[in-house]
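Remarks on the structure that follows.
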Amino acid sequence: GEEVAQTPKHLVRGEGQKAKLYCAPIKGHSYVFWYQQVLKNEFKFLISFQNENVFDETGMPKERFSAKCLPNSPCSLEIQATKLEDSAVYFCASSQAAANTEAFFGQGTRLTVV
Amino acid sequence: SQQGEEDPQALSIQEGENATMNCSYKTSINNLQWYRQNSGRGLVHLILIRSNEREKHSGRLRVTLDTSKKSSSLLITASRAADTASYFCATVSGTYKYIFGTGTRLKVLA
């Protein structure tokens, strides 16, 4: 598709429950990025993929967060045992190449942990 | 940690005026990009300036880059109410990770 599609738009989870977010990058884009935005403020980098391989995962809280980008499937970001502070909007972006190209962002998934 | 710092944090101007926002960053970069975000929705790409460029224009947007000062500015001329949004700079370095600034909230009053 011509846009980055994120599902669901909204997700509510009780503390301790699992949350799974999905992202379909633009067809032909090799790079996928996940960001977390809390309270409409700064975007925190979580992880990036080059095709199905993890490219940079320096932003991932590894104890509870995991992500995958498998061939012919949407990419996913999973949070085990959610905490209140995980409440945020999670954005996915894709780009055609790594350098000197723009990243296209999805509309985000708003996760609310209650 | 967040690379970019933007100022001002918030800016309120009248329609027709120009808006200038600034971004400073800490390390060497491949390029710097500006994005707009409306009401917590997804980011929309505005303009990309490479590290060997000093100035770039796109419509009513003008971006400058000073790598010696590690800073960039975004100028929106003849602003419109529809320009009301948050504006973020993002730097891209060797690891191809987009590092975002803290954002400037622009309000254009009709």
Side-chain angles (χ1 to χ4, degrees), chain A residues 2-7 9-10 21 23-26 29-51 53-60 87-112, chain B residues 1-10 23-53 56 58 61 63 65 84-107:
Chain A
E2 289 302 311
E3 62 176 28
V4 176
Q6 288 190 250
T7 55
K9 286 186 180 176
H10 302 279
L21 292 61
C23 167
I26 292 173
H29 283 193
S30 304
Y31 290 85
V32 171
F33 307 84
W34 283 99
Y35 285 85
Q36 178 195 58
Q37 186 185 33
V38 178
L39 296 174
K40 296 186 183 180
N41 290 328
E42 62 180 73
F43 288 80
K44 181 191 172 191
F45 170 80
L46 295 176
I47 191 169
S48 62
F49 288 84
Q50 180 182 16
N51 297 311
N53 304 307
V54 173
F55 194 66
D56 185 334
E57 59 182 346
T58 51
M60 284 284 269
S87 294
V89 182
Y90 291 82
F91 288 97
C92 172
S94 71
S95 68
Q96 207 166 30
N100 292 322
T101 57
E102 64 185 277
F104 292 82
F105 280 77
Q107 293 302 304
T109 292
R110 181 176 297 280
L111 173 65
T112 304
Chain B
S1 63
Q2 200 73 1
Q3 163 132 278
E5 294 290 331
E6 292 182 59
D7 85 274
Q9 288 189 348
C23 166
S24 61
Y25 56 93
K26 295 176 185 173
T27 61
S28 61
I29 60 172
N30 288 336
N31 65 73
L32 185 144
Q33 304 183 31
W34 285 90
Y35 287 83
R36 183 184 72 224
Q37 184 182 38
N38 291 84
S39 301
R41 295 177 63 81
L43 292 165
V44 174
H45 184 266
L46 296 175
I47 197 165
L48 180 155
I49 186 165
R50 300 182 183 190
S51 59
N52 61 353
E53 296 176 314
K56 206 158 181 183
S58 177
L61 305 179
V63 167
L65 178 64
T84 295
S86 291
Y87 292 81
F88 292 86
C89 66
T91 52
V92 182
S93 58
T95 58
Y96 308 129
K97 181 164 59 180
Y98 292 71
I99 302 295
F100 285 86
T102 48
T104 293
R105 291 187 306 281
L106 173 67
K107 189 169 186 178

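Numbered from 1 within each chain, the chains take letters A, B, ... in sequence-line order. The figures that follow rest on heavy atoms only: side chains count, while hydrogens, waters and symmetry mates do not.
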By ring pair (Phe, Tyr, Trp, His ring centres under 6.0 Å), which residues pair with A:Phe104, not counting sequence neighbours? A:His29
Give, for atom CD of A:Glu42 and atom CD of B:Glu6, the distance between the pair rounded to the nearest 0.5 Å. 11.0 Å
Ring pair (Phe, Tyr, Trp, His ring centres under 6.0 Å) against A:Tyr90, all qualifying residues, sequence neighbours excluded: none
For the side chain of A:Glu102 and the backbone of B:Leu46, is there at least one donor-acceptor N/O pair under 3.5 Å apart? no
Starting at NZ of A:Lys44, measure out to CD1 of B:Ile99 and round the result to the nearest 0.5 Å. 11.5 Å
Bottom line for B:Leu48: the part with an atom under 4.5 Å from chain A's heavy atoms is side chain
More than 12 non-hydrogen atoms from neighbouring residues, nucleotides or ligands closer than 6.0 Å to CD on B:Gln9, yes or no? no
On a heavy-atom basis, which atom in A:Phe91 and which in B:Gln37 lie closest, and how many Å separate them? CZ-NE2, 3.5 Å
Where do B:Tyr98 and A:Ser95 come nearest, in terms of heavy atoms and distance? OH-CB, 4.1 Å
Of all the heavy-atom pairs spanning A:Tyr35 and B:Lys97, show the shortest one and how long it is. OH-C, 4.3 Å
